[in-house]
Amino acid sequence: MVFYNNIMVICMCNDIPCKLPTDAHPRWLIIRKFGKALRFRTRWTIIGYISNGQKSSKEIYNYLIKKGEKLTKPGFYYHLSELKNAGIIEVAEYVEEGGGAPEKIWKLKTKRIVIDLLETKEDVVLEEKE
């Protein structure tokens with residue numbers, strides 16, 4: 001068990017990367033998905049930054065660099081992808097800028113993750129940002 005930013009993270013094995021147990025409970029897989037998405041400090045910084053309002057990929061990247069993050073562009077986009085795949089952030093809109101690909105504008109999709117440990121219809125509730 002490890003604490004990160006006052007959050008308890010449970011490690012179920014010593015192997016790096018952790019191998020998925022063959023008898024893992026489906027709800028543990030949900031917890032693991034969020035743990036995987038939130039395990040890097042960079043991702044917490046992204047969440048904090050866009051919690052103040054929608055930000056473009058360029059704005060987020062520049063903010064991270066200004067905060068001292070040493071990121072490649074592919075690494076940066078991987079962090080965004082992991083947060084998006086976990087349902088924590090989402091693309092709010094696309095903005096056309098010249099002849100290239102449209103710029104993504106990101107927003108926080110949820111401010112809380114509630115995981116019910118008992119059998120219910122909804123095992124995970126992502127509460128929309130107010």
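All heavy atoms count here, side chains included; hydrogens, waters and symmetry mates do not.
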Query - Atom pair NZ/CD1 of Lys33 and Ile30 - distance to nearest 0.5 Å - result: 7.0 Å
Query - Single-linkage hydrophobic cluster Tyr78~Tyr63, side-chain heavy atoms < 4.5 angstrom - result: no
Report summary line: Scanning both residues in full, the closest heavy-atom pair of Pro102 with Tyr94 reads CB-CB, 3.9 Å
Report task. Report yes if some heavy atom in the side chain of Trp106 is under 4.5 Å from a heavy atom in the side chain of Ser57; otherwise report no. Result -> yes
Query raised in the report: Rounded to the nearest 0.5 Å, how far does CG of Asn85 lie from CG of Leu83?
Result: 9.0 Å
Report task. For the residue pair Tyr61 and Phe76, categorise the inter-ring angle as parallel (less than 30°), tilted (30 to 60°) or perpendicular (more than 60°). Result -> perpendicular
Report task. Return yes if some donor-acceptor pair links the side-chain N/O of Glu103 with the main-chain N/O of Glu96 below 3.5 Å, else return no. Result -> no
Report summary line: Between the OG1 atom in Thr42 and the CD1 atom in Ile47, the distance rounded to the nearest 0.5 Å is 11.0 Å
Query raised in the report: Hey, is the main chain of Leu38 close enough, under 3.5 Å, to the side chain of Trp44 for a donor-acceptor pair?
Result: yes
Query raised in the report: Quick one: CD on Glu90 to CD1 on Ile50, what's the gap to the nearest 0.5 Å?
Result: 9.5 Å
Query raised in the report: Would you call Ile46 and His79 a side-chain contact if the rule is heavy atoms closer than 4.5 Å?
Result: yes
**Report entry** Straight-line distance of Lys67 NZ to Ile65 CD1, nearest 0.5 Å
**Finding:** 13.0 Å
Query raised in the report: Lys107 and Ile89: side chain to side chain contact (heavy atoms under 4.5 Å, CB included), yes or no, with the steps?
Result: CA-CA 6 Å; Lys107 70 177 185 176; Ile89 65 172; over 6 Å; no
**Report entry** Gap separating the CD1 atom of Ile60 from the OG1 atom of Thr45, nearest 0.5 angstrom
**Finding:** 11.5 Å
Requested in this report: Check whether more than 12 heavy atoms from other residues, nucleotides or ligands sit under 6.0 Å from atom NZ of Lys84, and answer yes or no.
Outcome: no
Report task. Evaluate whether atom OH of Tyr77 has more than 12 neighbouring non-hydrogen atoms of other residues, nucleotides or ligands under 6.0 angstrom away. Result -> yes
Report task. Identify the two heavy atoms, one from Gly87 and one from Lys109, that lie closest to each other, and give their separation to 0.1 Å. Result -> O-CD, 3.4 Å
Query raised in the report: Between Tyr49 and Lys55, is there a cation-pi geometry (under 6.0 Å to ring centre, at most 45° from the normal)?
Result: yes
**Report entry** Within-4.5 Å side-chain heavy-atom neighbours: Val91 and Ile105
**Finding:** no
Report task. Please tell me if the side chains of Lys104 and Glu93 come closer than 4.5 Å, counting only heavy atoms from C-beta onward. Result -> no
